[in-house]
Amino acid sequence: QVQLVESGGGSVQAGGSLRLSCAVSGSTHSSYALAWFRRPPGKEREGVATIDSAARTYYADSVKGRFTISQDNAENTLYLQMNSLKPEDTAMYYCAADIMRSTIVIPIEEDDFGYWGQGTQVTVSS
C-alpha cells in the first residue's frame with residue numbers, strides 16, 4: 001500500500017506561482033512512477049506531469065515551460081512547481097503513484113496509476 005498526501009494548494013492571482021507537495025509513504029518501490037493530475041471544474045481529470053523511475057519527465061502541452069515536476073527521494077516527497085499561473089489552471093490537483101509497467105513508455109494516463117491522494121485545490125483568479 002502507498003499513501004499520498006498533497007499540500008500547497010491555495011488561491012493566487014494570474015501570473016503568480018505555487019508549489020504543490022505530495023508526501024509519499026508506505027510500500028514504495030524504486031520502479032515507481034509519480035505523477036500529478038488535475039480536475040478542472042466541470043471537467044474530466046487530466047494528466048499534468050509525470051516523473052518515472054529513471055527521472056524522465058512528461059508534461060501536458062498546456063503546462064510545458066510553466067510547471068516543473070521533481071522529487072526528493074530523501075524526503076519521499078513529490079513536487080510540482082507552478083509558475084505563470086493562468087485562470088485555466090484552476091483545478092483540484094492530485095498526485096498519483098504506481099509501479100511502472102514498462103521501462104520504455106512513461107505512464108501518463110489515469111489508468112496507469114493505482115494510488116491516489118485526496119487532492120489539493122488550486123484557484124487562479126484573473
Side-chain donor/acceptor of Asp98 to backbone N/O of Gly114, under 3.5 Å: yes

What pair of heavy atoms forms the shortest contact from Tyr93 to Arg38, and how long is it? OH-NH1, 2.9 Å

To the nearest 0.5 Å, how far apart are CZ in Arg19 and OG in Ser70? 7.0 Å

If you take all heavy atoms of Ala14 and Ser126, which pair is closest and at what distance? CB-CA, 4.3 Å

Contact summary for Gly26 and Gln3, nearest pair of heavy atoms: CA-OE1, 3.6 Å

Between Ala49 and Leu80, the two heavy atoms sitting closest are CB-CD1, 4.4 Å

Ser62 side, atom OG; Asp89 side, atom CG - distance, nearest 0.5 Å: 7.0 Å

Rounded to the nearest 0.5 Å, what separation is found between the CD1 atom of Ile108 and the OG1 atom of Thr50? 7.0 Å

For Ala33 and Met100, the nearest pair of non-hydrogen atoms, with its separation, is CB-CG, 3.6 Å

Quick one: does any side-chain atom of Arg56 pair with a main-chain N or O of Ile104 as donor and acceptor, under 3.5 Å? yes

Hydrophobic cluster membership, with links at side-chain heavy-atom distances under 4.5 Å among I/L/V/M/F/W/Y: are Trp116 and Met92 in one? yes

What closest approach, in Å, do Val48 and Val63 show between heavy atoms, and which atom pair accounts for it? O-CG2, 3.6 Å

Atom pair OG1 (Thr103) and CG (Asp52), whose distance is rounded to the nearest 0.5 Å: 9.5 Å

Output side-chain donor-acceptor pairs under 3.5 Å for residues 81-88, partner residues at least two apart or in another chain, one line each.
| unit_1 | atom_1 | unit_2 | atom_2 | d |
| --- | --- | --- | --- | --- |
| Gln81 | NE2 | Asn83 | OD1 | 2.9 |
| Asn83 | OD1 | Ser17 | OG | 2.9 |

Pairs where residues 40-89 contributes a residue and the test ring-ring contact (aromatic ring centres under 6.0 Å, His included) is met, not counting sequence neighbours: none

Report yes or no: does Gln118 contribute a side-chain atom to a donor-acceptor pair with the main-chain N or O of Val5 at less than 3.5 Å? no

Check whether any side-chain heavy atom of Leu78 sits under 4.5 Å from a side-chain heavy atom of Trp36, and report yes or no. yes

Residues passing the ring-ring contact (aromatic ring centres under 6.0 Å, His included) test with Tyr94, sequence neighbours excluded, are none

Gap between atom CD of Gln13 and atom OG of Ser125 - 0.5 Å precision: 5.0 Å

Gap separating the CG atom of Leu4 from the CG atom of Asn76, nearest 0.5 angstrom: 11.0 Å

Can a donor-acceptor pair be found, under 3.5 Å and without considering hydrogens, that links the side chain of Thr120 to the backbone of Ser7? no

